[in-house]
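Taking it in order: structure first as structure tokens, then the write-up.
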Amino acid sequence: MEKSDAAISTPGALRHSRLVKASAWARVKSDKVDAATSARLHGGGLLPEVWVADYSTTVRRRQIAERMGVLAQLVRTKGRIQAILHANLIPKYDLHLFGSAGRKWLAQLPVATEEREMIGRYVSELERVTAHLAELDKTLAQKSLDDPRALRLMTIPA
């Protein structure tokens, strides 16, 4: 059964919507009727348990979501720089465009002043976002090494 099928019937009560058809197929639908049906099913031991993430798992999920957002921002910024190069028909740089040599190459490109300023702002944004991503990676790596569940997952061969 999927964890996403959990439905909240009454405040604080979780139940599995696919397994509790009495409320789903009832002709009379109201919170009072659903609550009474849920209470009878719970009293009879017919409500299966649903897993709910603990606090540390919820925090870890938020951190991973933040990392994904920062990574998406990094990719967008690189794409904007590439778009400026493409719009000016500048041939592809063969080495690492966002490394130190690539940044020097970007600085000396024959583009309009406004576009050069835009590239400069995007490169600054790239540096800031890259530093933020490195900080998040360091934090997540440390927390993973401190978590026995993560260490167990690391033992699974790829």
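Quick note: numbers below take in every heavy atom, side chains included, and nothing from hydrogens, waters or symmetry partners.
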>> Has R116 got a side-chain atom pairing as donor or acceptor with L109's backbone, closer than 3.5 angstrom?
In response: yes
> Are I84 and Y122 side-chain neighbours, meaning at least one heavy-atom pair lies under 4.5 Å?
Replying inline: yes
> Is there side-chain contact between R60 and L140, with at least one heavy-atom pair below 4.5 Å?
Replying inline: yes
>> Between L151 and M154, is there a side-chain heavy-atom distance shorter than 4.5 Å?
In response: yes
> Do H132 and E66 come within less than 4.5 Å of each other through their side chains, counting heavy atoms only?
Replying inline: yes
> Taking C-beta and beyond as the side chain, do I81 and F98 meet within less than 4.5 Å on heavy atoms?
Replying inline: yes
>> Test salt bridge (Lys or Arg N to Asp or Glu O under 4.0 Å) on E135 and K138; report intermediate values, then the result.
In response: CA-CA 5 Å; E135 180 183 323; K138 183 179 176 183; over 6 Å; no
> So, for A150 and S144, which heavy atoms are closest and what is the spacing to 0.1 Å?
Replying inline: CB-O, 3.4 Å
> Is atom CG of D146 surrounded by more than 12 heavy atoms (other residues, nucleotides or ligands) closer than 6.0 Å?
Replying inline: yes
> Taking atom CG of L126 and atom CG of L133, what is their separation to the nearest 0.5 Å?
Replying inline: 10.5 Å
> Mind checking whether R128 and Q73 have side chains closer than 4.5 Å, heavy atoms only?
Replying inline: yes
> Is there a donor-acceptor contact under 3.5 Å from the side chain of D147 to the main chain of R149?
Replying inline: yes
>> Under 4.0 Å between a side-chain nitrogen and a carboxylate oxygen: does that hold for R103 and E127?
In response: yes
> Would a 4.5 Å heavy-atom cut-off, applied to side chains only, mark L97 and Q82 as touching?
Replying inline: yes
> Where do D54 and T57 land on the side-chain hydrogen bond (donor to acceptor under 3.5 Å, both in side chains) test, with the steps shown first?
Replying inline: CA-CA 5 Å; D54 59 351; T57 303; 2.4 Å; yes
>> Do D137 and R67 make a side-chain contact, defined as non-hydrogen atoms from C-beta onward lying under 4.5 Å apart?
In response: yes
